[in-house]
Amino acid sequence: SERGNNIVFVIEADGIRLCHLGDLGHFLSETQLAELGRIDILLIPVGGHFTLEPEEAAELAEKISAAITIPMHYKTKNIPDNLPIQTAGPFLQAMQRPHQEVNVLTVSADDLRNRQPEVVTLLAVS
């Protein structure tokens, strides 16, 4: 409410449902969660301050229960020190799921059906 409205996108293609939570800074209501439906891949802001705090993001990610959760909007080595957001570390610790870092993520609907839930960090390409 401090920074204006947020838009959540749910994109469905080739049997995969991807949800991008934008700059979400609040927990979703049960009605909003139900409106999302099944989510296979979740992109969730985890840096805090402007968006969800890492622990809140982890709680919401668990409720959404996607096969793949991708953190976004967090501090990396390319982010200025004076930007008051956190690294992905606190979110990853709160998630308590397997985690992998990749440059490119390729999945199919069949992959997702047999996949254990995990967190995937997309590495910045410089």
Excluding sequence neighbours, so at least two apart, what forms side chain to side chain contact (heavy atoms under 4.5 Å, CB included) with E62?
M95, R97

At their closest point, which heavy atom of A66 faces which heavy atom of P117, and how far apart are they?
O-CB, 4.0 Å

Would you say I11 has more than 12 foreign heavy atoms packed within less than 6.0 Å of its CD1?
yes

Check whether any side-chain N or O of N6 sits under 3.5 Å from a backbone N or O of G22 as a donor-acceptor pair, and report yes or no.
no

Hey, could you give me the CG/CG distance between L60 and L33, rounded to the nearest 0.5 Å?
6.0 Å

Side chain to side chain contact (heavy atoms under 4.5 Å, CB included) between D23 and I7: does it pass, once the steps are laid out?
CA-CA 8 Å; D23 282 333; I7 298 175; over 6 Å; no

Any V102 side-chain heavy atom under 4.5 Å of V120 side chain
yes

Test of understanding: clusters of I, L, V, M, F, W, Y form through side-chain heavy atoms closer than 4.5 Å, transitively. Do L42 and I16 belong to the same one?
no

Quick check: do E56 and H26 have side-chain heavy atoms less than 4.5 Å from each other?
no

Suppose the criterion is side chain to side chain donor-acceptor pair (under 3.5 Å): which pairs have a residue in residues 33-46, not counting sequence neighbours?
R38-D40

Working to the nearest 0.5 angstrom, can you tell me the gap between F50 CZ and H73 NE2?
12.0 Å

Side-chain heavy atoms of L36 within contact of V8, under 4.5 Å
yes

Heavy-atom neighbours of Q93 CD exceed 12 at 6.0 Å:
no

Between Q86 and F91, is any pair of side-chain heavy atoms under 4.5 Å apart?
no

Looking at L83, is its backbone amide N or carbonyl O close enough to the side chain of K75 to form a donor-acceptor pair, meaning the two atoms are under 3.5 Å apart?
yes

Between I70 and L105, does the side chain to side chain contact (heavy atoms under 4.5 Å, CB included) criterion hold? Intermediate values first, please.
CA-CA 10 Å; I70 301 172; L105 178 64; 3.9 Å; yes

What's the shortest heavy-atom distance between P54 and V46, and which atoms?
CG-O, 3.4 Å

State the CD1-CD1 distance between I68 and I39, to the nearest 0.5 angstrom.
13.0 Å

Check: R17 and V10 side chains under 4.5 Å, non-hydrogen atoms:
yes

In Å, rounded to the nearest 0.5 Å, how long is the span from CD1 of I64 to CG of L21?
5.0 Å

Quick one: does I41's side chain get under 4.5 Å of V107's, heavy atoms only?
yes

Single-linkage hydrophobic cluster I44~L28, side-chain heavy atoms < 4.5 angstrom:
yes

Take atom CD of Q100 as the centre, draw a 6.0 Å sphere, and report whether it contains more than 12 heavy atoms from other residues, nucleotides or ligands.
yes

Do L18 and L43 pass the side chain to side chain contact (heavy atoms under 4.5 Å, CB included) test, and can you show the C-alpha distance, the side-chain angles, and the key distance before you say yes or no?
CA-CA 8 Å; L18 179 140; L43 287 91; 3.8 Å; yes

Compare all side-chain heavy atoms of Y74 with those of I79 and state whether any distance is below 4.5 angstrom.
no

Counting only N and O atoms by type, is there a donor-acceptor contact under 3.5 Å from the side chain of E53 to the main-chain atoms of H49?
yes

Using every non-hydrogen atom in the two residues, find where L112 and A67 come nearest and quote the distance to one decimal.
CD2-CB, 3.9 Å

Does a side-chain heavy-atom distance below 4.5 Å link P71 with V119?
yes

